[in-house]
Amino acid sequence: LVRIGNPQPGNKVLDVACGTGTVTRLIPPYVGASGTTAGLDFNADRLEVAAALPLTSGFVIEWKVGDACDMPFRDAEFDLVFCQQGLQFFPDKLQALKEMHRVLVTGGRLILGVWCSVEHQPGGRAMADALERHGSPEAGYIRREPFSFGDADVIVHLVAEAGFHNSMVNPTVKNVHFPSAEAFTKRYISARVPLNMLVAAANEKAREAVVADVNAALKRYETNNGLELPTAVNVVTAHA
């Protein structure tokens, strides 16, 4: 995302739904001392982790707690807005995009990444299927819902409705690495999200069955270096 966005010296850049700052920390060397970098997330704990992680000497990032649907920034404050795997989780996706448009200068750019449909996500699909078999239809739905932007036309329409133009969608596939299929499964079902609450409510036998089913489905993606899971992403670029 950062390579595609290619921030320039002096740019003011915002990373929306920055989490622990994986994307955010890559930006300051591009914009230099004359530019600024901000990371926004609604979860203060994640930002606390982000702020504690090391940064190249001389660079500063402003970490801000806030809602992507009501951002605590002025109009036209940024030249470039990134959003890496966040849009699909926002309760009001159109409003979030409108906010990204609002905080961008005229001609500013949006670069965001969203997962493609679940059919192109071996990990997400295997887990959703297992949750439906051993958990509940609701659990399966929650696991599938973040993969709602597989259709490029849907994204283009939504981005345009928010006020952006010249939008382009470029699909790409990256490998996500985990120590094992079991580590992948346990990480997702132990995260502090609604899905975890549904899994926690299931009995121990059902939880073990979910892990076993996902392990079996993902076995072919295990290598000597652990699990290498292909993940299909739509990368979207647009102008304000």
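This structure is a prediction, so every number in the text was calculated from the model and none was measured.
- Residue pairs meeting the side-chain hydrogen bond (donor to acceptor under 3.5 Å, both in side chains) criterion with at least one partner in residues 151-169, sequence neighbours excluded, are absent.
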>> side-chain contact (heavy atoms from CB on, under 4.5 Å) for F90 and V16? Distances and angles first, verdict last.
In response: CA-CA 11 Å; F90 298 153; V16 177; 4.1 Å; yes
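- Residues G124 and V118 come closest through the heavy atom pair C-CG2, 3.9 Å.
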> Going through the checks in order, is the side-chain contact (heavy atoms from CB on, under 4.5 Å) test met by L97 and V159?
Replying inline: CA-CA 7 Å; L97 284 168; V159 168; 4.3 Å; yes
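- When all heavy atoms of L131 and G140 are compared, the closest pair comes out as CB-N, 4.1 Å.
- Closest non-hydrogen pair, D213 versus A130, comes out as CB-CB, 3.8 Å.
- T37 is listed as a side-chain neighbour of T24, based on a closest heavy-atom distance under 4.5 Å.
- If you chain together hydrophobic residues whose side chains sit under 4.5 Å apart, W115 and I155 never meet in one group.
- Every residue meeting the side-chain contact (heavy atoms from CB on, under 4.5 Å) condition with Y30, not counting sequence neighbours, appears here in chain and number order: V2, N6, P7.
- The backbone N or O of G163 lies less than 3.5 Å from a partner atom in the side chain of H101, making a donor-acceptor pair.
- Checked by atom type and distance alone, the side chain of N11 never pairs as donor or acceptor with a backbone atom of V13 at under 3.5 Å.
- Between V23 and C83, every side-chain heavy-atom pair lies at or beyond the 4.5 Å cut-off.
- Both L158 and V154 sit in one connected hydrophobic cluster of ILVMFWY residues. Membership requires side-chain heavy atoms under 4.5 Å apart, directly or through other members.
- In terms of heavy-atom proximity, L218 sits nearest to A126 at CD2-CB, 4.1 Å.
- Residues L1 and V235 meet the side-chain proximity criterion, which asks for heavy atoms closer than 4.5 Å.
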> Between F82 and I111, does a side-chain contact (heavy atoms from CB on, under 4.5 Å) hold up when you go through it step by step?
Replying inline: CA-CA 5 Å; F82 289 99; I111 299 93; 3.9 Å; yes
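- No side-chain heavy atom of E208 sits less than 4.5 Å from a side-chain heavy atom of V211.
- When every heavy atom of L229 is checked against every heavy atom of F184, the shortest pair comes out as CD2-CE1, 3.7 Å.
- By the 30° and 60° cut-offs, the orientation of the rings of F78 relative to F73 is perpendicular.
- Surrounding CD of E228 are more than 12 heavy atoms belonging to other residues, nucleotides or ligands, all under 6.0 Å away.
- In this structure, R144 and D129 have side chains that are in contact, with non-hydrogen atoms separated by less than 4.5 Å.
- Atom-to-atom distance recorded for C18:SG and K64:NZ is 12.5 Å, nearest 0.5 angstrom.
- The distance from atom CG of N175 to atom CG of L227, rounded to the nearest 0.5 Å, is 9.0 Å.
- Identified under the side-chain hydrogen bond (donor to acceptor under 3.5 Å, both in side chains) test for residues 69-93, with sequence neighbours left out: D75-R102, Q85-Q88.
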>> Would K219 and E222 count as a salt bridge (Lys or Arg N to Asp or Glu O under 4.0 Å) here? Give the steps.
In response: CA-CA 6 Å; K219 199 72 180 174; E222 287 191 329; 3.3 Å; yes
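- The distance from the SG atom of C116 to the CZ atom of F149 is 12.0 Å, given to the nearest 0.5 Å.
- L40 and V114 fall within a single hydrophobic cluster, where Ile, Leu, Val, Met, Phe, Trp and Tyr side chains are chained together by heavy-atom contacts under 4.5 Å.
- No hydrogens or angles considered: nothing links the side chains of S180 and E182 as a donor-acceptor pair under 3.5 Å.
- What you find for W63 and G21 is that their closest heavy atoms are CH2-CA, 3.9 Å.
- Looking at heavy atoms from C-beta onward, R109 lies out of side-chain contact with L104 at the 4.5 angstrom threshold.
- Put simply, the side chain of M100 reaches to within 4.5 Å of the side chain of M71, judged on heavy atoms.
- Neither V214 nor F147 shares a network with the other; the hydrophobic side chains, linked directly or stepwise wherever heavy atoms of I, L, V, M, F, W or Y lie under 4.5 Å apart, form separate groups for each.
- Taken from CG in L112 to CG in D15, the straight-line distance is 11.0 Å, to the nearest 0.5 Å.
- Here T172 contributes atom OG1 and I4 contributes atom CD1; the two are 7.5 Å apart, rounded to the nearest 0.5 Å.
- V103 is not connected to V65 by any chain of hydrophobic side-chain contacts under 4.5 Å among Ile, Leu, Val, Met, Phe, Trp and Tyr, and they are in different clusters.
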